[in-house]
Amino acid sequence: MDDGTRIEAAGNSLVQPLSAGILASLVGFASSVPVLVAGLTAAGASPAEAASGLFAICLAVAVLGIGLSVRSRMPVTIAWSTPGAALLVSTGTPTGGYPATVAAFLAAAALIVVAGLWKPFGRAVAAIPMSLANAMLAGILLELCLAPLKAVEAMVARRFLRRFAVPISVVVTAIIVVSATTIPPAALAASLPKPILVLPAFDLNAIIGIGLPLFLVTMASQNVTGLAVLNANGYRPAVGPIFTLTGLASIVTGLFGGHTVNLAAITAALCAGPEAGADPARRWIASVACSVTYLLLGFGAAFAAAFIAASPPLLIQAVAALGLLRSLAS
């Protein structure tokens, strides 16, 4: 094989993992950002604080995803907790306002660190029955997923293109949101998101009502599921360091208004499975591509937060619901 053939073969071997990683990030970002911003807003964040939280999370996702994947040569894909954001929508703003919510974020992050450092605790969390975790998640998602525009998905897409019902409904609903929203000058003028430090305010009720459920949902519905996806594709990463690092990163993101980061679950399947290439030893490239794309998308956090804040709440709820239908079905 001459040099030209080798270069061409190497280029072809990169196309699939790169495209899979980029696709995973675009799907994950587009389908869950409305849930995340709606959750942070419901928990008391201003549009600027929501933008700061979104950017901090995207930065943490990128740094951890690149670092863990390059070091382990495994597709360790990191994301934020979409079920955790849905939890925030359902719990609302605590009496202490957003600073109390941030304290709950820090409590959940600290528990994740403990799960990584203290093996018996980590094993106990990992042993949570998936049926119980799914039941808890379903209870969180049910009300959100009953948004009125769910009827669009049922009446239009499912009749003709059942397989593509949810993606088509998300696109249709997004078009309706855009047409029904007057883009505010703040969104048009938004450039780079500005990090905003949010000092926590201790509130026991918020820690029990938000922090503890956030920890359980993140571990059971994201971290445990993400590990199951990796294991199913033949990867056995060290669990303790992943929990510890994502917990420490979540402490940082919490101080800037964002909630927890964790192992990806749904998007991880794109990066760890055959869609990312025939060679399992090269699929870590997909996770790196996914992480870099998340970082680039994060620079639009200010526009995303301002636009979503100005959109009709019912329509944003419908987009979030359609994005979460697959999780609810599970």
A.B. asks: How close do S250 and A109 get, counting heavy atoms only, and between which atoms?
C.D. replies: CB-CB, 3.5 Å
A.B. asks: So, for S81 and T218, which heavy atoms are closest and what is the spacing to 0.1 Å?
C.D. replies: OG-OG1, 3.3 Å
A.B. asks: Strictly distance-based, threshold 3.5 Å: is any side-chain N or O of R236 a donor or acceptor partner for the main-chain N or O of N231?
C.D. replies: yes
A.B. asks: So S32 and W80, side chain to side chain donor-acceptor pair (under 3.5 Å) or not? Walk me through it.
C.D. replies: CA-CA 9 Å; S32 61; W80 57 70; 3.2 Å; yes
A.B. asks: A side-chain contact here means heavy atoms from C-beta on lying under 4.5 Å apart; do N205 and I210 qualify?
C.D. replies: no
A.B. asks: Taking all atoms of both residues into account, what is the closest heavy-atom pair of T253 and A60, and its distance?
C.D. replies: CG2-CB, 3.6 Å
A.B. asks: Taking all non-hydrogen atoms of both residues, which atom of N262 and which atom of Q222 are closest, and how far apart?
C.D. replies: ND2-NE2, 3.1 Å
A.B. asks: Under 4.5 Å between side-chain heavy atoms, counting indirect links through other Ile/Leu/Val/Met/Phe/Trp/Tyr residues: same cluster for V229 and I285 or not?
C.D. replies: no
A.B. asks: Should V239 and L245 be counted in the same cluster of Ile, Leu, Val, Met, Phe, Trp and Tyr side chains packed under 4.5 Å apart?
C.D. replies: yes
A.B. asks: Do L87 and P83 come within less than 4.5 Å of each other through their side chains, counting heavy atoms only?
C.D. replies: no
A.B. asks: Mark yes or no for whether R283, through its side chain, and A272, through its backbone, hold a donor-acceptor pair below 3.5 Å.
C.D. replies: yes
A.B. asks: Side-chain heavy atoms nearer than 4.5 Å, only ILVMFWY residues, links allowed to pass through others: does that put L106 and L204 together?
C.D. replies: no
A.B. asks: Using the six-membered ring wherever Trp is involved, compare the ring planes of F105 and Y98 and label them parallel, tilted or perpendicular (cut-offs 30° and 60°).
C.D. replies: perpendicular
A.B. asks: Answer yes or no: is there a side-chain heavy-atom contact under 4.5 Å between F243 and V113?
C.D. replies: no
A.B. asks: Taking W284's backbone N and O only, do any of them form a donor-acceptor pair with R73's side chain (distance below 3.5 Å, no angle check)?
C.D. replies: no
A.B. asks: Indicate yes or no: at least one non-hydrogen side-chain atom of M219 is less than 4.5 angstrom from one of L111.
C.D. replies: no
A.B. asks: Does any non-hydrogen side-chain atom of I78 lie less than 4.5 Å from one of S291?
C.D. replies: no
A.B. asks: Backbone N or O of I22 within a donor-acceptor pair of the S25 side chain at under 3.5 Å?
C.D. replies: yes
A.B. asks: Measuring only between side-chain heavy atoms, which start at C-beta, is C58 closer than 4.5 Å to F299?
C.D. replies: no
A.B. asks: Test your reading of the model: is there a side-chain donor-acceptor pair from S19 to the backbone of Q16, 3.5 Å cut-off?
C.D. replies: yes
A.B. asks: Has the side chain of S52 got a donor or acceptor atom that lies under 3.5 Å from a matching backbone atom of I196?
C.D. replies: yes
A.B. asks: How far does OG1 of T225 sit from CG of L230, to the nearest 0.5 angstrom?
C.D. replies: 11.0 Å
A.B. asks: Has the side chain of Y294 got a donor or acceptor atom that lies under 3.5 Å from a matching backbone atom of G65?
C.D. replies: no
A.B. asks: Is the shortest heavy-atom distance from the side chain of L36 to the side chain of T82 under 4.5 Å?
C.D. replies: no
A.B. asks: Which pair of heavy atoms, one from V102 and one from P200, lies closest together, and at what distance?
C.D. replies: CG1-CB, 4.1 Å
A.B. asks: Same cluster or not: are F202 and I208 linked, directly or through other Ile, Leu, Val, Met, Phe, Trp or Tyr residues, by side-chain heavy atoms under 4.5 angstrom apart?
C.D. replies: yes
A.B. asks: Could you tell me which non-hydrogen atom of C271 sits nearest to which non-hydrogen atom of T77, and how far apart they are?
C.D. replies: CB-OG1, 3.5 Å
A.B. asks: I want to check something: taking the side chain as every heavy atom from C-beta on, are T260 and T246 in contact at a cut-off of under 4.5 Å?
C.D. replies: no
